[in-house]
Amino acid sequence: MDILIAENITKYFYDPVKFKVLDDISFKVKQGEFMALVGKSGCGKSTLLYVLSTLDTDYSGNLKIANNDLYQWTQSELSAFRNQNIGFVFQFHYLLPEFSCLENVMIPALKLARKSKNEIEHDAMNKLKILGIDDQALKPAHKLSGGQQQRVAIARALINEPSIIMCDEPTGNLDTYNTDLVFDIFKMLTHELKQSIIAVTHDNDFSARCDRIVEMADGKIIS
């Protein structure tokens with residue numbers, strides 16, 4: 001099943017001059033697929049990720065995620081859709097430092113308000129357990145190592161059972177050991193739990209081990 005379908009995505013920047021940053025981009029992502037989005041700096045891959053994640057709506061073309069045709073949805077509709085259907089993992093974990101790991105993971109589910117607080121806490125502990133960091137659940141986030149913090153961020157991205165996870169340089173701030181650990185977690189999530197993941201990365205070793213590589217240059221997909 002295709003979890004994401006992008007059709008003829010085109011986007012312009014207008015400052016200082018009109019410039020086509022995304023040029024007629026079309027591709028699909030299957031459920032359970034781990035896809036790397038690669039290319040030199042300035043090729044448009046981060047811009048494309050923001051379009052795919054519904055954070056940027058100033059484009060032409062069509063975007064469908066989990067059978068929802070998202071073009072021309074309102075900002076409030078997209079915000080609600082994102083919270084339920086899209087998980088985010090960035091280079092920097094963006095955890096609330098004084099909150100516990102468990103509390104950080106719970107935040108998106110508390111915002112969604114589909115379950116009771118006790119149910120959300122139970123789900124959050126399960127996510128931390130999947131990522132092998134449940135023993136750190138009650139620690140303040142700032143007391144964890146960088147690799148541990150990124151695993152908490154991945155647990156947070158998973159808490160609402162999203163259709164897809166969007167990653168922007170998810171290992172860019174990690175050493176080799178933790179990069180390998182995070183990669184193995186992503187591989188497990190896709191292959192065992194059928195989670196779909198798109199990861200923008202400059203790490204050639206990371207991308208080479210993904211299920212599929214989509215390479216961009218000058219706003220276009222070249223391979």
Side-chain angles (χ1 to χ4, degrees), residues 2-13 19-66 68-71 73 75 78-79 81-94 108 150 153-154 156-158 160 162-174 179 182-183 185-187 189-190 195-223:
D2 294 323
I3 206 71
L4 180 147
I5 302 172
E7 296 176 325
N8 310 116
I9 301 292
T10 299
K11 178 178 174 60
Y12 289 89
F13 287 157
F19 171 71
K20 187 184 285 187
V21 65
L22 298 177
D23 189 356
D24 196 36
I25 286 180
S26 299
F27 67 95
K28 299 176 181 179
V29 179
K30 295 185 182 301
Q31 184 174 0
E33 185 173 32
F34 185 6
M35 192 192 92
L37 189 58
V38 305
K40 294 178 181 178
S41 295
C43 71
K45 61 186 183 299
S46 291
T47 301
L48 177 60
L49 190 73
Y50 274 78
V51 169
L52 299 177
S53 62
T54 76
L55 291 166
D56 186 342
T57 57
D58 183 19
Y59 65 90
S60 63
N62 197 48
L63 176 63
K64 186 180 288 187
I65 298 177
N68 291 278
D69 199 335
L70 301 173
Y71 187 58
W73 279 30
Q75 290 298 329
L78 288 173
S79 179
F81 179 85
R82 270 196 304 276
N83 194 40
Q84 184 173 354
N85 288 280
I86 303 175
F88 292 94
V89 180
F90 300 100
Q91 179 173 352
F92 302 100
H93 47 76
Y94 297 114
Q150 194 65 311
I154 295 168
R156 180 184 59 193
L158 291 167
N160 286 337
S163 302
I164 193 164
I165 293 178
M166 308 279 188
C167 307
D168 194 1
E169 301 289 354
T171 59
N173 213 30
L174 301 178
T179 292
V182 166
F183 181 88
I185 287 168
F186 284 154
K187 202 79 168 176
L189 293 174
T190 52
Q195 180 68 62
S196 303
I197 298 176
I198 298 177
V200 166
T201 182
H202 282 103
D203 185 333
N204 292 332
D205 292 335
F206 184 99
S207 61
R209 292 185 288 165
C210 292
D211 298 332
R212 178 160 64 117
I213 299 173
V214 172
E215 185 176 4
M216 292 184 65
D218 301 323
K220 296 181 181 182
I221 290 176
I222 60 172
S223 67

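Along the sequence shown, the residues carry numbers beginning at 1.
Residues passing the ring-ring contact (aromatic ring centres under 6.0 Å, His included) test with Tyr94 are Phe90, sequence neighbours excluded. The side-chain contact (heavy atoms from CB on, under 4.5 Å) search around Lys40 returns none, not counting sequence neighbours. For Asp23, the salt bridge (charged side-chain N to carboxylate O under 4.0 Å, His left out) partners are Lys20, Lys220, not counting sequence neighbours. Among residues two or more places apart in sequence or in another chain, the side-chain contact (heavy atoms from CB on, under 4.5 Å) test is passed with Tyr71 by Tyr59, Asn62, Asp69. Taking Asn8 as the reference, Asp24, Ser26 meet the side-chain contact (heavy atoms from CB on, under 4.5 Å) condition, with sequence neighbours excluded. Applying the side-chain contact (heavy atoms from CB on, under 4.5 Å) rule to Cys210 yields the partners Phe34, Ala36, Phe183, Phe206; only residues at least two apart in sequence or on another chain are considered.
The backbone N or O of Val51 sits nowhere less than 3.5 Å from a side-chain atom of Lys11 that would complete a donor-acceptor pair. Between the Ser79 side chain and the Gln75 main chain, no donor and acceptor come within less than 3.5 Å of each other. For the pair Asp168 (side chain) and Ser46 (backbone), a donor-acceptor distance under 3.5 Å is absent. Remark: side-chain polar atoms of Thr201 are not paired, donor with acceptor, to backbone N or O of Glu169 under 3.5 angstrom. No donor-acceptor pair under 3.5 Å is formed between the side chain of Gln31 and the backbone N or O of Ala66.
If you take CD1 on Ile65 and CZ on Phe81, they are separated by 5.0 Å, rounding to the nearest 0.5 Å. Atom CZ of Arg82 is separated from atom OG1 of Thr54 by 4.0 Å, given to the nearest 0.5 angstrom. Taking CZ of Arg156 as the reference point, atom CD of Gln150 lies at 8.5 Å (rounded to 0.5 Å). The CD1 atom of Ile25 lies 12.0 Å from the CG atom of Leu63; values are rounded to the nearest 0.5 Å. Rounding to the nearest 0.5 Å places CG of Leu22 at 8.5 Å from CG of Asp56. Distance OG/Ser207 to NE2/His202: 10.5 Å, rounded to 0.5 Å.
Nearest heavy atom pair, residue Asn83 against residue Pro108, reads ND2-O, 3.2 Å. When all heavy atoms of Lys45 and Val38 are compared, the closest pair comes out as CD-C, 3.8 Å. Across all their heavy atoms, Ile164 and Ile197 have their closest contact at CG1-N, 4.4 Å. Summarising the geometry of Ser163 relative to Ile3, their closest heavy-atom pair is O-CG1, 3.5 Å, with the distance given to 0.1 Å. Listed here is the closest heavy atom pair of Val89 and Ala157: CG2-CB, 3.9 Å. In plain terms, the two heavy atoms of Leu4 and Ala6 that are nearest each other are CD2-N, 4.0 Å.
The shortest distance between side-chain heavy atoms of Asp2 and Lys64 does not fall below 4.5 Å. Side-chain atoms of Met35 and Ser196, non-hydrogen and from C-beta on, never get closer than 4.5 Å to each other. Put simply, the side chain of Leu189 reaches to within 4.5 Å of the side chain of Ile154, judged on heavy atoms.
Salt bridge absent: Asp211 and Lys30 never bring a charged side-chain N and a carboxylate O closer than 4.0 Å.
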Candidate pair Phe27 and Leu37, rule side chain to side chain contact (heavy atoms under 4.5 Å, CB included), full reasoning
CA-CA 12 Å; Phe27 67 95; Leu37 189 58; 5.5 Å; no
Go through Phe186 and Thr171 one step at a time and tell me if the side chain to side chain contact (heavy atoms under 4.5 Å, CB included) criterion holds.
CA-CA 11 Å; Phe186 284 154; Thr171 59; 5.5 Å; no
